[in-house]
Amino acid sequence: MTPRQLTLTSPNRVPTLTEIFRPISRRLSRVDRALRSWPGSSSPVVRRLASGTISKQGKLIRPGILLLITGHLGYRDGLDILLAAAVEGIHQASLIHDDIIDRSDFRRGEQTAMQRFGPDYSLLLGDFFFIRSISSSLSIKDREIPRMLAETARLMIEGEMEELAESYNFNLSRARYLKIIEKKTASLFQTTCRLAGRLGQAGKKEAEALEEYGRNLGLAFQVTDDLLDLVGQPSRTGKPAFSDLKEGRVTLPLILALRKADSSGRRKLTTLLEKIKDGKDEQLWPELLFQLRNAGAFHQAHRQAASFTARAREAAGRLQPSVYRQSLLQLADFVLHREQ
Ligand code: FPP
Ligand code: MG
């Protein structure tokens with residue numbers, strides 16, 4: 001077994017995203033088209049940069065969740081397409097900005113905007129997607145909706161800043177890490193569910209279950225993302241490996257290994273981490289992975305993600321049975337066992 005391979009318990013076959021989103025596949029294509037039309041009315045430079053950036057869409061998980069929920073609630077107007085595009089636009093904006101902060105050159109198997117256009121244009125491109133999301137939501141009469149989107153963006157920015165401020169803090173606690181990823185990642189999942197519930201006029205109990213689903217799915221999503229940074233295959237994730245480590249981000253597997261180690265083990269680990277700083281000493285990565293695996297850190301982090309997906313499944317299980325609910329349940333399994 002190579003250091004990067006890790007066998008984590010996975011059920012026989014986890015459905016693919018295409019299978020999960022089958023009940024809404026045509027509507028999800030409309031979201032994709034809506035996003036691609038955004039730069040249309042802008043100046044040529046914006047059109048060129050923005051179209052280049054959305055040439056390869058991501059997994060469209062957040063729009064997919066939104067449409068599954070409005071489908072489940074029997075919502076019939078088209079505003080959910082607009083809102084699904086707005087949510088994805090905020091997500092895209094945050095990734096463009098995140099790639100500037102992380103100095104990332106690769107995402108979704110392609111060069112990042114940061115790599116192609118440099119930090120100045122990328123910063124403005126992220127702003128473009130962000131403000132375009134908010135402005136499109138303003139066409140909805142319900143003023144609570146843009147307010148919720150703006151508030152969520154504020155939380156994401158706070159989470160990202162807090163994470164940055166905790167770089168190389170090897171005393172970071174699990175509780176603090178979870179608080180940060182709740183803001184940075186889970187808040188947009190939770191808001192996506194809340195917005196869908198609001199559009200579809202979910203009852204109080206349903207709305208609560210939906211928000212709980214979104215929050216827990218988002219937490220699981222980020223924990224698996226942090227695991228994939230260490231044990232994923234770049235050919236599957238579309239992102240370079242160890243980028244968290246190179247930037248000094250202290251993620252759950254590290255926190256768990258550091259917590260378990262005795263004082264000499266801790267010293268060994270932190271020395272190794274310091275040496276890996278800024279992507280130097282690549283030959284030390286296998287050694288670090290070996291130590292993390294020996295400490296059971298990957299399995300423990302996976303168990304943490306599994307506990308969040310179990311809570312998400314439990315919340316979705318409180319909804320009335322439907323094909324859409326079935327997809328929401330399957331999505332929890334996908335998030336836990338994803339390789340991309
Ligand atoms: C990816 O996480 C980044 C986020 C989930 C949020 C980033 C948020 C900001 C940059 C704040 C700005 C927000 C807006 C709305 C403009 P990651 O770095 O752990 O994942 P990665 O491995 O995909 O980079
Ligand atoms: Mg990043």
Side-chain angles (χ1 to χ4, degrees), residues 58-59 61-66 69 86-88 90-95 97-98 101-102 130 133 147-167 169-198 207-230 243-244 247-256 258-259 297 300-316 318 328 331-336 338:
K59 297 182 277 293
I61 287 189
R62 296 154 191 81
I65 294 173
L66 197 144
I69 295 173
V87 164
E88 182 65 15
I90 291 183
H91 171 58
Q92 301 238 6
S94 75
L95 292 185
H97 283 179
D98 184 65
I101 296 164
D102 291 351
F130 174 50
S133 302
R147 198 202 62 77
M148 277 161 61
L149 287 172
E151 175 61 13
T152 305
R154 181 185 70 79
L155 284 175
M156 292 168 72
I157 293 164
E158 269 191 35
E160 181 87 351
M161 273 200 202
E162 287 169 20
E163 182 185 71
L164 198 56
E166 297 290 3
S167 302
N169 175 10
F170 300 130
N171 291 315
L172 187 70
S173 69
R174 172 158 73 172
R176 177 97 180 103
Y177 162 84
L178 292 177
K179 205 75 223 141
I180 290 173
I181 68 166
E182 180 167 10
K183 287 180 172 181
K184 180 181 88 158
T185 307
S187 61
L188 189 57
F189 278 86
Q190 185 170 348
T191 297
T192 300
C193 295
R194 198 163 153 211
L195 290 167
R198 196 171 171 92
E208 273 168 17
L210 289 169
E211 280 203 47
E212 210 174 310
Y213 173 82
R215 176 176 172 274
N216 282 292
L217 194 75
L219 287 166
F221 188 90
Q222 190 59 49
V223 173
T224 53
D225 197 75
D226 292 344
L227 257 172
L228 286 172
D229 189 69
L230 295 163
S243 52
D244 291 334
E247 295 299 321
R249 308 287 184 260
V250 181
T251 58
L252 191 58
L254 291 190
I255 294 169
L256 294 170
L258 285 162
R259 199 168 73 162
Q300 235 186 305
H302 182 73
R303 274 214 305 276
Q304 173 76 77
S307 131
F308 288 131
T309 51
R311 278 182 239 171
R313 284 184 64 92
E314 188 279 319
R318 282 186 254 142
L328 291 172
L331 191 57
D333 291 334
F334 173 85
V335 163
L336 180 61
R338 72 200 178 99

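Atom set for the values below is all heavy atoms of this structure, side chains included, hydrogens, waters and symmetry mates excluded. None of these values were measured; they are calculated from a predicted model.
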* Asked: Looking at residues at least two apart in the chain, or sitting in another chain, which of them share a side-chain hydrogen bond (donor to acceptor under 3.5 Å, both in side chains) with Gln190?
  -> Glu211
* **Approximate separation, where rounding is to 0.5 Å, of Glu88 CD and Leu95 CG** => 8.0 Å
* To do: Taking the side chain as every heavy atom from C-beta outward, state whether Thr309 and Asp333 have any atom pair closer than 4.5 Å.
  => no
* Asked: Hey, does Leu164 have a side-chain heavy atom less than 4.5 Å from the side chain of Glu160?
  -> no
* Which value, rounded to the nearest 0.5 Å, describes the distance between Thr185 atom OG1 and Asp226 atom CG? -> 8.0 Å
* Asked: Should the heavy atoms of other residues, nucleotides or ligands under 6.0 Å from NZ of Lys59 be counted, would the total exceed 12?
  -> yes
* Not counting sequence neighbours, list each pair that qualifies as a ring pair (Phe, Tyr, Trp, His ring centres under 6.0 Å) and has a residue in residues 169-188. => none
* Asked: Between Leu195 and Leu149, is any pair of side-chain heavy atoms under 4.5 Å apart?
  -> yes
* Would you mind reporting whether Arg338 and Leu228 have side-chain heavy atoms less than 4.5 Å apart? => yes
* To do: Give, for atom NZ of Lys183 and atom CD of Glu163, the distance between the pair rounded to the nearest 0.5 Å.
  => 12.5 Å
* Would you say Asp98's side chain and Ser94's backbone share a donor-acceptor pair under 3.5 angstrom? -> no
* If you measure from the Lys or Arg side-chain nitrogens to the Asp or Glu carboxylate oxygens, is any gap between Glu162 and Lys184 under 4.0 Å? -> no
* **Basic-acidic side-chain contact under 4.0 Å: Asp229, Arg249** => no
* Kindly indicate, with the supporting measurements, whether the criterion side chain to side chain contact (heavy atoms under 4.5 Å, CB included) is fulfilled by Leu252 and Arg174. => CA-CA 7 Å; Leu252 191 58; Arg174 172 158 73 172; 3.7 Å; yes
* Heavy-atom pair of closest approach, residues Gly197 and Leu210 -> CA-CD1, 4.0 Å
* To do: Using a 4.5 Å cut-off on heavy atoms from C-beta on, say whether the side chain of Val335 contacts that of Phe308.
  => no
* To do: Under the ring pair (Phe, Tyr, Trp, His ring centres under 6.0 Å) rule, collect the residues that match up with Phe221, sequence neighbours excluded.
  => Phe189
* **Separation of Leu331 CG from Arg313 CZ (nearest 0.5 Å)** => 10.5 Å
* Asked: Do the side chains of Gln304 and Gln300 get nearer than 4.5 Å, heavy atoms only?
  -> no
* Ionic contact status for Glu151 with Arg154, cut-off 4.0 Å -> yes
* Which pair of non-hydrogen atoms, one from Ser133 and one from Ala86, has the smallest distance, and what is that distance? -> OG-O, 3.2 Å
* Residues Ser307 and Arg303: side-chain donor-acceptor under 3.5 angstrom -> no
* Asked: Hey, what do you get for CG (Leu172) to CD (Glu166), rounding to the nearest 0.5 Å?
  -> 5.0 Å
* Test: Glu212 and Arg215 ion pair at under 4.0 Å -> no
* Gap separating the OG1 atom of Thr191 from the CD1 atom of Ile90, nearest 0.5 angstrom -> 8.5 Å
